[in-house]
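Notes follow the structure.
Residues: numbered from 1 along the sequence shown. Scope of the values below: all heavy atoms of this structure, side chains included, with no hydrogens, waters or symmetry mates. Note that the structure is predicted; figures quoted are calculated from it, not measured.
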Amino acid sequence: MSLSRRTNEREQLDLFRALPGDLAPRDAQDLMAYPFFSLAKSKRLTPIDFKAGTIVIRVEAVPEHGMATIWDADVLIWAASQIVEARDLGLKPSRLMAATPYEILSFIGRGVSARDYDRLKAALDRLQSTTVATSIRQPNERRMHRFSWINEWKERADAHGRPLGLELIVPDWFYAAVLDDALVLTIDRAYFRLTGGLERWLYRVVRKHGGRQQHGWSFDVAYLHVKSGSLSPLKHFAYDLRDIVRRQTLPGYRLTIEQPPDAPERLTFAPIDPAALASLEQRGTSRAGDKL
């Protein structure tokens with residue numbers, strides 16, 4: 001994007017100052033359902049290529065920063081939570097958002113040391129440099145929407161050089177999804193305490209597809225492997241999946257591995273307490289939310 005285009009975009013957007021308080025974490029369902037992020041903490045440069053029916057996704061990274069990770073996506077959960085909260089309060093949200101690093105890091109359950117600030121800035125760099133092309137929410141499956149997770153970001157300072165926080169611009173594709181009730185879900189704050197990339201991804205898939213399905217949902221393990229975009233071989237992926245099932249680390253859901261006769265291995269999941277899940281959804285929004 002050229003400098004003049006970035007300047008024009010900034011001038012056309014109203015600045016939205018992040019809201020204070022303990023907001024309910026919200027996630028965009030498209031980001032929960034499909035492979036958009038690296039699940040590894042090591043730098044990933046191999047693109048993600050995914051196709052299922054009319055859905056096409058390609059995610060590409062640059063050598064300098066590597067692909068945005070599922071931990072970096074916490075910044076987008078923070079942004080979605082701010083946008084939805086502002087809308088529900090009758091305020092005017094914007095794609096141009098301002099906050100302090102402390103506000104973002106505190107919301108996503110991170111430390112607030114200088115090292116944590118540096119990690120946040122590295123995450124913003126990966127989100128800005130990772131490019132996505134997808135047919136999701138395009139009127140014609142042959143049309144692709146291309147964007148980065150953050151159009152631009154900058155550190156702000158006063159006339160004396162004292163830091164004032166950060167400004168960032170989220171892409172229209174993401175912003176439009178977040179403003180649509182049917183495309184947003186409230187997630188459990190315990191999600192931020194999940195340390196593994198696969199278990200974080202799995203929680204988002206389970207939350208998206210489990211929803212209000214009282215009797216649960218299931219996926220073929222081999223299809224889950226493809227859906228994850230993971231570079232891990234299927235054998236290793238299945239081993240790691242069984243380990244997560246053994247430890248039962250996903251908040252609000254019980255997972256089981258089933259081996260039907262003459263059929264592929266499947267992961268089955270269901271809410272531990274459907275009433276508690278309904279309470280989570282009610283806390284997160286005053287409008288209809290979990291439309292699957």
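A donor-acceptor contact shorter than 3.5 Å is absent between the side chain of Ser148 and the backbone of Ile150. In this structure a side-chain-to-backbone donor-acceptor pair under 3.5 Å is present from Gln82 to Leu19.
Ring planes of Phe36 and Trp149: perpendicular class, angle over 60° (limits at 30 and 60°).
A side-chain donor-acceptor contact under 3.5 Å links Glu199 and Thr249. Looking at Asp125 and Trp153, their side chains do bring a donor and an acceptor atom within 3.5 Å of each other.
Under 4.0 Å is where a charged nitrogen must lie from a carboxylate oxygen, and between Arg246 and Asp243 at least one such pair does. Checked for salt-bridge contact, Asp14 and Arg95 miss the test: no charged N lies under 4.0 Å from a carboxylate O. Under a 4.0 Å N-O distance rule, the pair Lys43/Glu64 does not qualify as a salt bridge. Taking 4.0 Å as the cut-off between side-chain N and carboxylate O, Glu258 and Arg266 do not count as a salt-bridged pair. Electrostatic pairing of Asp188 and Arg207 does not count as a salt bridge here, judged by no charged N lying under 4.0 Å from a carboxylate O.
Cation-pi contact between Lys227 and Tyr34: present, with separation from the ring centre below 6.0 Å and deviation from the ring axis of at most 45°. In this structure, Arg189 is positioned above the aromatic face of Phe107, its NZ or CZ under 6.0 Å from the six-membered ring centre and within 45° of the axis. Cation-pi geometry between Arg254 and Phe269 is not met: the NZ or CZ atom fails to fall both under 6.0 Å from the ring centre and inside 45° of the normal.
Ile244 and Tyr239 fall into different hydrophobic clusters, where Ile, Leu, Val, Met, Phe, Trp and Tyr are joined by side-chain heavy atoms under 4.5 Å apart, directly or via other members. Both Ile83 and Leu91 belong to a common hydrophobic cluster when Ile, Leu, Val, Met, Phe, Trp and Tyr are linked at side-chain heavy-atom distances under 4.5 angstrom.
Between Pro93 and Phe16 the shortest heavy-atom distance is CA-CD1, 4.0 Å. Taking each heavy atom of Leu234 and Ala222 in turn, the nearest pair found is CD1-CA, 4.0 Å. Between Arg87 and Leu179, the shortest heavy-atom distance links the atoms NH1-O, 3.1 Å. The heavy-atom pair separating Trp173 from Ile136 by the smallest distance is NE1-O, 3.3 Å. Here the closest non-hydrogen pair linking Ala61 and Arg44 is CB-O, 3.6 Å.
The structure places CG of Leu250 at 6.5 Å from CG of Leu194, a figure rounded to the nearest 0.5 Å. Taking CG of Asp74 as the start and CZ of Phe37 as the end, the distance is 9.5 Å to the nearest 0.5 Å. Once rounded to the nearest 0.5 Å, the distance linking CG of Leu31 with CD1 of Ile77 reads 8.5 Å. Interatomic distance, Gln128 CD to His65 NE2, rounded to the nearest 0.5 Å: 7.5 Å. With rounding to the nearest 0.5 angstrom, the OG1 atom of Thr100 is 8.5 Å from the CG atom of Leu105. Separating the CD1 atom in Ile70 from the NZ atom in Lys41 is a distance of 12.0 Å, to the nearest 0.5 Å.
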Point to revise | Test salt bridge (Lys or Arg N to Asp or Glu O under 4.0 Å) applied to Glu103 and Arg17, step by step | key: CA-CA 11 Å; Glu103 289 171 323; Arg17 180 69 181 81; 3.1 Å; yes

### Message
Run Asp27 and Lys208 through salt bridge (Lys or Arg N to Asp or Glu O under 4.0 Å) and show every step you take.
### Response
CA-CA 9 Å; Asp27 206 351; Lys208 162 67 176 77; over 6 Å; no

Take Arg242 and Glu265, measure what salt bridge (Lys or Arg N to Asp or Glu O under 4.0 Å) needs, and give me the verdict at the end.
CA-CA 11 Å; Arg242 286 191 288 270; Glu265 192 175 43; 3.3 Å; yes

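Between His145 and Phe147, a ring centre-to-centre spacing shorter than 6.0 Å is recorded.
A heavy-atom distance below 4.5 Å is not found between the side chains of Ile57 and Asp49.
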